[in-house]
Amino acid sequence: MSLSSRAVLVVMCFLFLSCTPLFTSATTTTVQGLQPRCESHIFNNGKHYRSCKDLPVLDSFLHFSYARETGVLDVAYRHANLESSSWIAWAINPTKKGMLGAQALVAYRNSTSGVMRAYTSNINSYATMLQESPLSFRVTQVSAEYLDGEMTIFATMVLPPNTTVVNHLWQDGPLKEGDRLGMHAMSGDHLKSMSTLDLLSGQVTATKSVNGNILLVKRIHGLVNTVSWGILMPIGVMAARYMKTYETLDPTWFYVHVVCQLTGYLAGLLGGLGTAIYMALHTGMRSTAHTVIGILIFCLGFLQILALKARPGKDHKYRTYWNWYHHTVGYVVVVLSVYNIYKGFVILQPGSGWKIAYTAIICAIGAFAIVMEILQFKKRWGSLFVKKSEDLQEANQSAFKKEISKFMNRWGDKTPEDLEANQYASTEVLAGNLFGLEPDPDWETVLSRLLTGSYDRLTFILLRLALQATIYFIWREPNERKHNSNNKSVDQVAKLINKSVRNRISSTNYVLNPKLQGDDTLV
């Protein structure tokens, strides 16, 4: 044998001898790990039980002794690796599998005194706070202890004679301020902590047919409702609101709106409401805010569909009221849907990734809506301000026309002869080029233009000012001639009117006032 071969053999022997203790230790540990952890446990109060079982989840163990003839069940439920600020519960459900109807033993450690408290609680609602209440069967010697991170409940129960198999469940949760029992987790092992217990053989059979499916159904319920009510519905609403303003997208916006809303409602109806009914049949109906809001959303959605059948025509007098109803209910449905989805996240606790992803989608939809509101603000809301301005102008013109009519009725046939002979000059003073037409020497034509014309705001102000100044100076002239024998020519009266109007315009500081800028016709 060569030197190199001998060296390899020595190294292999060394490695074998080094690994043998490790292998032996690992084997011993594995064998010990296969042995039930409950069998080697010794209780400080000296109690012994004929059977024990390592429960499949939540680091829990069940010790019990059962007398079939009398129905007496002596039990100890242990929960290891537990903080002192926690509560534990173990229950038997004599009627069905699951939480509703369970007869529970509850224990927690008082946060102030450190004393353990153990009591019974009859669970008749999913909204239970595990209040103390008597069970449907007799229970005695209820006590609890907490040692080295392990909490234990002891009790003696009297079950109906000849009971052999029971549905049992176990749970833990946080202890809130004031020793209030907080909600246990709604994911992972906390949804698997139930099984069927054979009191004679000690055999534990997990209720996979219900519990495993329920977890999957809950996830389907959350996913379908998130996509249908929380994403498709808002997109459908935005399609109707923002696409509708573009004539080229009519009637495309309507079809997009109907497809999104109808798809969302049907998906929510089949996948959302269907899974909710399945969970209610197998675990009981939960009267929670999430459930109530969900039912309300489905009812409002159904009303929206019925409203389509009652939609009036575009020109119908009730169409405005129908639009108000349809839009208001639609926005309420979207807001309630998003809110209820977040409540669902709290109940299901699928992990932060799901909540972050949905929040990002909602933020993107919200950001898009804000951008579109800014871009379409003038088109959507500008008509309100324009209409208000037009209404004001119409009111002013109406008052203006009344003044002119009053003037005509009082002074129409009393014009001084020399001024009447040169009406063209008076007309020129009154109107200038504000009419947008050549001045007409006929007063009837001028007044007709004032009564029937439509002018912008500044032109309307100047016409009114010119008319009032003309009326004042022309009808002051007869009094001057009668009492002061001071006769002014037509040109002199026109200059007075012109000067008066210019002085009034200058007194407004129109150069510094943006509302009065834009027309220098009389200046």
Side-chain angles (χ1 to χ4, degrees), residues 34-43 45-80 88-107 118-124 128 130 133-144 151-172 189-215 281-284:
L34 293 175
Q35 296 177 353
R37 294 169 58 187
C38 65
E39 290 184 354
S40 58
H41 185 78
I42 300 175
F43 291 99
N45 56 13
K47 288 191 174 183
H48 298 277
Y49 300 89
R50 289 196 295 268
S51 302
C52 73
K53 198 67 182 178
D54 291 7
L55 300 179
V57 294
L58 299 183
D59 292 327
S60 299
F61 313 92
L62 185 65
H63 305 253
F64 63 94
S65 299
Y66 178 61
R68 179 176 180 177
E69 296 77 12
T70 59
V72 176
L73 175 65
D74 199 13
V75 65
Y77 167 71
R78 294 167 43 222
H79 196 310
I88 63 171
W90 180 83
I92 289 178
N93 194 328
T95 57
K96 56 186 176 181
K97 300 175 182 178
M99 175 179 170
L100 203 62
Q103 309 296 299
L105 304 174
V106 186
Y119 61 92
T120 61
S121 178
N122 187 346
I123 303 175
N124 53 22
T128 181
L130 293 178
S133 57
L135 303 186
S136 60
F137 44 78
R138 190 161 61 92
V139 181
T140 60
Q141 302 179 20
V142 182
S143 62
M151 195 174 292
T152 307
I153 303 176
F154 302 94
T156 299
M157 303 178 174
V158 181
L159 304 178
N162 296 318
T163 300
T164 58
V165 178
V166 294
N167 301 309
H168 76 128
L169 55 157
W170 58 101
Q171 196 59 263
D172 71 83
D189 289 344
H190 290 272
L191 297 180
K192 302 176 183 178
S193 56
M194 62 177 72
S195 63
T196 301
L197 174 64
D198 190 321
L199 298 174
L200 300 181
S201 65
Q203 183 67 33
V204 173
T205 305
T207 56
K208 295 181 180 179
S209 58
V210 174
N211 198 51
N213 290 340
I214 287 296
L215 180 59
L281 292 175
H282 288 81
T283 63

Would you compute the distance between atom [atom1] of [X] and atom [atom2] of [Y] and round it to the nearest 0.5 angstrom?
X    : Y    : atom1 : atom2 : value
L62  : Y77  : CG    : OH    : 9.0 Å
M194 : H168 : CE    : NE2   : 10.5 Å
Q141 : K47  : CD    : NZ    : 5.5 Å

Without swapping roles, check the side chain of [X] against the backbone of [Y] for a donor-acceptor pair under 3.5 Å.
X    : Y   : result
H79  : L58 : yes
S60  : L55 : no
W170 : V57 : yes

For the residue pair [X] and [Y], what are the closest heavy atoms and their distance?
X    : Y    : result
A89  : V106 : CB-CG2, 4.2 Å
P134 : N122 : O-CB, 3.5 Å
Y119 : L130 : OH-O, 2.7 Å
D198 : L200 : OD1-N, 2.9 Å
A144 : A107 : CB-CB, 3.7 Å

Please tell me whether N93 and Q103 have a donor and an acceptor in their side chains that are separated by less than 3.5 angstrom.
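No.
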Check side chain to side chain donor-acceptor pair (under 3.5 Å) between T152 and all other residues, then give those that pass, not counting sequence neighbours.
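If we apply the side chain to side chain donor-acceptor pair (under 3.5 Å) test to T152, skipping adjacent residues, there are no hits.
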Would you mind reporting whether [Y] and [X] have side-chain heavy atoms less than 4.5 Å apart?
X    : Y    : value
V75  : Y49  : no
N167 : T196 : yes
L105 : V139 : yes
V158 : F137 : no

Go through the steps for L199 and L159 under the test side-chain contact (heavy atoms from CB on, under 4.5 Å), then give the verdict.
CA-CA 11 Å; L199 298 174; L159 304 178; 3.9 Å; yes
Passes side-chain contact (heavy atoms from CB on, under 4.5 Å), L73 versus I92? Steps please.
CA-CA 11 Å; L73 175 65; I92 289 178; 4.0 Å; yes
Mind checking ring-ring contact (aromatic ring centres under 6.0 Å, His included) for F154 and listing every partner two or more places apart, or none if nothing turns up?
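Listed in chain order: F43.
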Strictly by side-chain hydrogen bond (donor to acceptor under 3.5 Å, both in side chains), give each pair with a member in residues 63-75 just once, sequence neighbours left out.
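Residue pairs passing side-chain hydrogen bond (donor to acceptor under 3.5 Å, both in side chains), neighbours aside: H63-R78, D74-T156.
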